[in-house]
Structure formats: structure tokens, C-alpha cells
Amino acid sequence: MAEPLLDVDRVTLRYKTPQSLVTATHRVKFRVERGDRYVLLGPSGCGKSTLLKAVGGYLFPSEGAIRINGRKVDGPGADRMMVFQEFDQLLPWKTVAENVAFPLRVARKLSKAEANERARAYIDKVNLTKFADSYTHTLSGGMKQRVAIARGMAMEPDILLMDEPFAALDALTRRRMQDELLQLWADTHFTVLFVTHSIAEAIRIGSRILLLSPHPGRVKAEIEDVAAVGGDSR
Ligand SMILES: Nc1ncnc2c1ncn2[C@@H]1O[C@H](COP(=O)(O)OP(=O)(O)O)[C@@H](O)[C@H]1O
Ligand SMILES: [Mg+2]
């Protein structure tokens with residue numbers, strides 16, 4: 001059988017604090033294939049962010065393993081880019097274009113001209129062309145999230161990791177951002193692992209959904225055919 005892009009294999013994640021040992025997830029198992037819009041859905045505290053950080057290489061499993069293209073994750077890498085919920089994930093002293101170009105220069109080692117060209121192309125994709133030279137603190141929350149998405153996508157990672165990226169937006173903006181993400185996916189067919197606690201959002205975004213239950217987070221169900229439960233059939 002072909003290797004999946006991402007293999008989360010019976011992963012238990014724990015936090016050690018001076019007072020206690022918190023088990024955030026218990027033997028969670030799922031696989032993400034290329035082109036999936038894979039959603040982790042569950043209530044607050046079920047370990048979604050913890051799982052995403054472990055896929056990102058910022059935390060390590062106490063049990064089980066995480067593999068990307070068959071290789072065990074042993075730290076952060078440009079093959080996995082993260083988009084967070086918080087609007088302050090950008091560098092406020094840099095413009096939109098500089099924010100997107102910066103990691104391309106540092107992690108992808110592109111020349112200034114190449115990085116700028118690629119940054120502009122992805123800024124176009126998220127409809128921020130007119131704001132490329134604006135400082136990010138002048139932008140709305142939705143626009144900041146578009147910059148973060150452009151920055152992640154411009155790195156052309158194997159997988160984009162999104163941790164409730166639209167949760168802090170008002171309902172209309174959130175809906176618009178969901179549509180734009182689906183449009184981007186229709187254009188470029190990237191792979192995304194998307195975390196949310198909203199059932200409606202999971203059904204709109206996901207091609208596959210993993211349902212988690214809390215304390216500790218465990219797999220409750222995997223929904224392979226989201227269209228059948230009322231999702232977008234794209
Ligand atoms: N830094 C930490 N130290 C100790 N416990 C933590 C830490 N971060 C998260 N947890 C605990 O791990 C569990 C999962 O948290 P989290 O992954 O943030 O859940 P979710 O993103 O699904 O809301 C929760 O019980 C939470 O309290
Ligand atoms: Mg979280």
C-alpha cells in the first residue's frame with residue numbers, strides 16, 4: 001500500500017507540569033492523503049491543538065509515532081506550515097509582502113527577487129494585491145488571516161496546518177473565509193489539516209472529518225463521506 005502523506009499512528013500526547021501529568025490525547029490514529037481537506041473536530045480541550053503542534057514537530061508523542069512521507073517527525077520543518085487563530089502571528093513592523101516573503105528567504109533560501117515574486121503571487125491568490133505594501137497592523141482580522149494563509153501557502157509545504165484560523169472572526173467574515181479557502185483548494189489542491197470545534201465549519205471545509213472526544217482526546221469516529229452528511233461536494 002502506498003505511504004500516506006501524514007500518518008498519525010496511535011499517538012498519546014502528555015503535558016508534564018510540576019503539579020500533574022495531563023494526558024491530552026490517547027492513541028489517536030488517522031492518515032491524511034495528498035489533496036485531503038482533513039478536519040479534526042471536537043470540543044474544547046480534546047487535544048486538537050496539541051495534535052496539530054505534534055504534527056508541526058513542536059511536541060513529541062509519549063506513545064506512537066507521527067510520519068510525514070514515511071519519515072518520522074523529529075522537529076519543525078518547512079514541509080509543514082502552521083496557520084493559527086490569533087491575529088498577532090504576523091510581524092507588525094513588516095508589510096504584507098515582507099511578511100510573506102520573509103520565510104521564503106530564510107527557510108526556502110530564495111533570492112530577494114524570487115521571494116518577492118512568489119510572495120506577490122500568493123498575495124494575489126488571497127485577494128490582497130492592493131494591500132501588498134501595507135503594514136499588517138492596518139488590516140482587519142480577516143485580512144490578517146489571509147496574509148497568514150498566503151505566507152503558509154507560499155512556502156508550498158506538503159501540508160498546511162490550520163488551528164481554528166477563522167474562530168476569532170465575525171460570522172460573515174468567517175463564512176467568506178471558508179469559501180475563499182475552498183476556492184484556493186479548488187485552484188491548487190493543496191493538503192490541509194484543519195482544526196475546528198464547529199460542526200458547521202467541519203462539514204463546510206472537510207473532505208474527511210475525524211471526530212474526537214475529550215479527556216483525553218480519543219477518536220470517536222472518522223467520517224469519510226462528508227457530502228453524505230450535508231457537506232460541500234467539491
Ligand atoms: N501547555 C500545557 N500544559 C498543560 N496542559 C495543557 C497544555 N496545553 C494544553 N493542555 C491540556 O491538554 C488538553 C488538550 O488541550 P488542547 O490541545 O489545547 O485542546 P483543544 O485545542 O482541543 O481545545 C487540555 O486538557 C488542556 O488543558
Ligand atoms: Mg485548540
Side-chain angles (χ1 to χ4, degrees), residues 6-32 36-68 73-77 80-90 141-142 144-149 151-152 157 159-171 173-175 177-178 181 191-223 226:
L6 171 67
D7 183 16
V8 174
D9 189 10
R10 288 163 292 173
V11 166
T12 299
L13 289 156
R14 296 197 177 97
Y15 290 102
K16 262 193 213 80
T17 68
Q19 296 80 31
S20 63
L21 186 66
V22 178
T23 302
T25 69
H26 180 76
R27 295 188 185 162
V28 169
K29 187 172 168 52
F30 65 94
R31 290 171 155 213
V32 178
D36 275 345
R37 302 187 310 273
Y38 201 99
V39 172
L40 303 179
L41 169 66
S44 177
C46 75
K48 303 180 298 296
S49 294
T50 304
L51 269 169
L52 214 62
K53 283 177 195 152
V55 173
Y58 298 100
L59 297 171
F60 298 96
S62 315
E63 258 189 300
I66 300 174
R67 294 181 205 90
I68 292 273
V73 167
D74 61 1
R80 288 152 284 140
M81 292 304 294
M82 193 87 96
V83 177
F84 297 95
Q85 175 179 337
E86 294 76 19
F87 299 152
D88 63 3
Q89 60 193 298
L90 306 169
K144 285 179 182 165
Q145 293 310 77
R146 286 196 190 93
V147 178
I149 292 167
R151 181 179 59 179
I159 186 165
L160 193 64
L161 310 174
M162 304 182 90
D163 193 357
E164 311 222 26
F166 309 143
L169 299 168
D170 65 84
T173 308
R174 182 174 188 165
R175 179 78 189 231
M177 296 290 292
Q178 292 166 349
L181 187 70
T191 309
V192 59
L193 179 57
F194 188 104
V195 161
T196 184
H197 66 265
S198 156
I199 295 170
E201 183 165 72
I203 290 172
R204 275 178 70 73
I205 296 289
S207 56
R208 296 162 70 202
I209 299 174
L210 192 76
L211 189 59
L212 296 165
S213 61
H215 308 304
R218 294 170 195 263
V219 175
K220 209 165 164 189
E222 189 175 34
I223 301 155
V226 178

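Both ligands and their constituent atoms are indexed starting at 1 by order of listing. Side chains are part of it too, since the values below use all heavy atoms of this structure and drop only hydrogens, waters and symmetry mates.
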Give the residue and atom name of whichever protein heavy atom lies nearest to [atom], and the separation in Å to one decimal.
{"atom": "atom 9 (C) of ligand 1", "value": "Y15 CE1, 3.3 Å"}
{"atom": "atom 20 (P) of ligand 1", "value": "G45 N, 3.5 Å"}
{"atom": "atom 19 (O) of ligand 1", "value": "G47 N, 3.2 Å"}

Under a 4.0 Å threshold between the charged nitrogen and the carboxylate oxygen, would E63 count as salt-bridged to R27?
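Salt bridge flag = yes for E63 with R27.
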[X] heavy atoms, cut-off 4.0 Å: which ligand 1 atoms fall inside?
{"X": "T50", "result": "14 (C), 15 (O), 16 (P), 17 (O)"}
{"X": "A24", "result": "12 (O), 13 (C), 14 (C)"}
{"X": "S44", "result": "23 (O)"}

With only distance considered, is V22 within less than 3.5 Å of ligand 1 through an N or O on each side?
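No, there is no polar N/O contact under 3.5 Å.
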T17 N/O to ligand 1 N/O under 3.5 Å
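By distance alone, the answer is no.
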Give the minimum heavy-atom separation between V219 and L210, together with the two atoms involved.
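Closest heavy-atom pair between V219 and L210: CG1-CD1, 3.7 Å.
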Student check: side-chain heavy atoms of S44 and H197 closer than 4.5 Å
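S44 does not reach H197 side chain to side chain.
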Could you check whether any side-chain heavy atom of V28 comes within less than 4.5 Å of a side-chain heavy atom of L40, counting everything from C-beta outward?
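Not in contact.
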Counting heavy atoms only, name the option from A54, S49, P214, G217 that's nearest to atom 21 (O) of ligand 1.
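Closest candidate by heavy-atom distance is S49.
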Would you say the Mg ion (ligand 2) has S44 as a near neighbour, meaning an N/O/S atom of that residue under 2.8 Å away?
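Within the cut-off used here (under 2.8 Å), S44 places no N, O or S atom near the Mg ion (ligand 2).
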Around atom NZ of K29, are there more than 12 heavy atoms of other residues, nucleotides or ligands at under 6.0 Å?
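Count over threshold, so yes.
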So, Q145 versus Q89: side-chain donor-acceptor pair below 3.5 Å or not?
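Yes.
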Audit row: R174, S198, side chain to side chain contact (heavy atoms under 4.5 Å, CB included) steps and yes/no:
CA-CA 12 Å; R174 182 174 188 165; S198 156; 3.7 Å; yes
Under-4.0 Å heavy-atom contact between protein and atom 26 (C) of ligand 1:
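Under 4.0 Å from atom 26 (C) of ligand 1, zero protein heavy atoms found.
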Steps toward side chain to side chain contact (heavy atoms under 4.5 Å, CB included) verdict (M177, I149):
CA-CA 10 Å; M177 296 290 292; I149 292 167; 4.2 Å; yes
